[in-house]
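The model shown is predicted, which means the values in this text are computed figures rather than measured ones.
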Amino acid sequence: MTTGFETMPTEIAVPPGWRVETRTRLSSIFTILSLVAVVALAAAPFMVSRGVVQDLFFILTMLALAQSWNLLAGYAGLISVGQQLFVGCGAYALFGFVILAGVDPILAIPLAGLFAMLIAAPAAFFSFRLYGPYFAIGTWVIAEVGRLLFAQWKMLGGGTGTSLPREATKDMLGISLLQNWFGMRSAAAADALTYWLALVLTALTIGFIYRLLRSKQGLGLAAVRDNETAARALGVDARRLKIIVYLATAFVTGMVGALIYLQKARISPDAAFSLTDWTAYVVFIVVIGGIGTIEGPLVGVLVFFLLQNAFSSYGSWYLLALGALAIVTMLFAPRGLWGLISSRTGWELFPVRRLLKGGSTLHDEKGGPNG
């Protein structure tokens, strides 16, 4: 039995005069525009109101969660409905490190991600013994167990939750710098700092996923998703690859959860382990935008944000509308909105397919052109 990709070739044999490319002219232009957009977004706290910054923070964190779930479900084929486990674990880890250990909240964010990844290891041990819908149900059950366990943590408020000490958020790394250099008040400085962290984390998440999909491991993921039996026959260790992706998404999701509740500054088990907020909405974003594409969650999160702001005041009717839209999309555009756009235009903003381009005139053995 192979342990990874040992039997897979590390390089593709390319005939003379040909070359393998993944980038397109459109993707190169989009890369430049993306860099400009990131710079513009980084300047947002100096140009727009705190309310807009908080809206952008929400979009970025939901996008990071959606990209992580999309990697898990759209590329590794692991349909999890228990990602709220890692949001809650990351959030509670941040509160624990700050309140009980006195760690600076900024430094506690990566530690929270590591804690969520540690929790994912035993969770994977149990859930990976299940397949298909049983795996999905198993991840939800494990997340519920996590919620009940954290609800017993009396030092962090038990079932009612707790708040971050005001001094912890006022004195965290970077706040005094923003106050001295830009004259920001502590609350505005805290919002700006968490927003910049969300921007960096989301950009790194998308970059990591894109790089992974363009790598040899990305080919393995695609093979496992399409036909796991055939992938195993080619030497891909499907179980090992799935576990690595599961742990990586837990790490990212845990950091995002910590960042979200650092911005909220208050936590409770029901909120931190909410199935609706941290899994159902994320699944909606990916399904609407297009599962199995990096572009899909980008489209889906914008649609979700616009719908939420336009119809959230309608209560349960708003949730029914989201469900109806998801059903209609799956019936008439099973590849999502981006899949519909891509099929009609051929656009690929994050191309991962390898294209053979170039070529030269064939010559016969004597050196002359073949007729």
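In this structure, a donor-acceptor pair under 3.5 Å is present between the side chains of Thr279 and Gln84. Between Gln179 and Ser176, the side chains place no donor N or O within less than 3.5 Å of an acceptor N or O (distance only, hydrogens not considered).
Residue Glu348 holds its CD atom at 8.5 Å from OG of Ser27, rounded to the nearest 0.5 Å. For the atom pair Leu307 CG and Leu302 CG, the distance stands at 11.0 Å (nearest 0.5 Å). Rounding to the nearest 0.5 Å places CG of Leu156 at 8.0 Å from CD1 of Ile267. Between the CG atom of Leu71 and the CD1 atom of Ile206 there is a distance of 12.0 Å, given to the nearest 0.5 Å. Of the inter-residue distances, the one linking Leu114 atom CG with Ile109 atom CD1 reads 12.5 Å to the nearest 0.5 angstrom. Separating the CG atom in Asp104 from the CZ atom in Phe97 is a distance of 13.0 Å, to the nearest 0.5 Å.
The two atoms that bring Met255 and Pro110 nearest to each other are SD-CA, 3.9 Å, heavy atoms only. The minimum heavy-atom distance linking Pro45 with Val53 is given by the pair CA-CG2, 3.8 Å. Residues Ala116 and Phe86 come closest through the heavy atom pair O-CD2, 3.8 Å. Between Lys242 and Ala76, the closest heavy-atom pair is CE-O, 3.5 Å. In plain terms, the two heavy atoms of Ala108 and Val98 that are nearest each other are CB-CG2, 4.2 Å. In terms of heavy-atom proximity, Phe150 sits nearest to Cys89 at CE1-SG, 3.8 Å.
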Please report, to 0.1 Å, the donor-acceptor pairs under 3.5 Å made by any side chain of residues 57-66, with sequence neighbours excluded.
unit_1	atom_1	unit_2	atom_2	d
Thr61	OG1	Phe57	O	2.9
Thr61	OG1	Phe58	O	3.0

Validation: residues 157-164 side-chain donor-acceptor distances under 3.5 Å, sequence neighbours left out:
unit_1	atom_1	unit_2	atom_2	d
Thr160	OG1	Gly157	O	2.9
Ser163	OG	Arg266	NH1	3.0

field: Chi angles and distances behind the ring-ring contact (aromatic ring centres under 6.0 Å, His included) call for Phe128, Tyr246
entry: CA-CA 10 Å; Phe128 274 59; Tyr246 189 72; 5.4 Å; yes
task: Evaluate the criterion side chain to side chain contact (heavy atoms under 4.5 Å, CB included) for residue pair Leu212 and Tyr75; output intermediate values, then yes/no.
output: CA-CA 11 Å; Leu212 173 65; Tyr75 291 100; over 6 Å; no
message: For a salt bridge (Lys or Arg N to Asp or Glu O under 4.0 Å) check, start with the C-alpha distance between Glu228 and Arg239, then their side-chain angles and the critical distance, and finish with the verdict.
response: CA-CA 10 Å; Glu228 184 171 336; Arg239 184 178 180 85; over 6 Å; no
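Here Asp191 pairs with Arg50 under the salt bridge (Lys or Arg N to Asp or Glu O under 4.0 Å) rule; sequence neighbours left out. Every ring pair (Phe, Tyr, Trp, His ring centres under 6.0 Å) that Trp196 has, sequence neighbours left out, goes to Phe46. Residues meeting the salt bridge (Lys or Arg N to Asp or Glu O under 4.0 Å) test with Arg147, sequence neighbours left out: Glu144, Asp270.
The shortest side-chain heavy-atom distance between Tyr92 and Pro269 falls under the 4.5 Å cut-off.
If you chain together hydrophobic residues whose side chains sit under 4.5 Å apart, Leu107 and Met117 fall into the same group. Cluster annotation: Phe95 and Leu148 are assigned to distinct hydrophobic clusters (Ile/Leu/Val/Met/Phe/Trp/Tyr, side-chain heavy-atom contacts under 4.5 Å, transitive). Cluster annotation: Leu275 is not connected to Ile260 through the hydrophobic network of ILVMFWY side chains, with a link wherever side-chain heavy atoms come within less than 4.5 Å. Linking ILVMFWY side-chain heavy atoms closer than 4.5 Å, directly or via other members, places Leu85 and Leu149 in two distinct hydrophobic clusters. Transitive grouping of hydrophobic side chains (ILVMFWY, heavy atoms separated by less than 4.5 Å) keeps Ile137 and Phe135 in distinct clusters.
Open room surrounds CH2 on Trp347; 12 or fewer heavy atoms of other groups in view lie less than 6.0 Å from it.
As a member of the Ile/Leu/Val/Met/Phe/Trp/Tyr network built from side-chain separations under 4.5 Å, Leu33 groups with Ile29.
Under the 30°/60° scheme for interplanar angles, the aromatic rings of Phe350 and Tyr210 are found to stand perpendicular.
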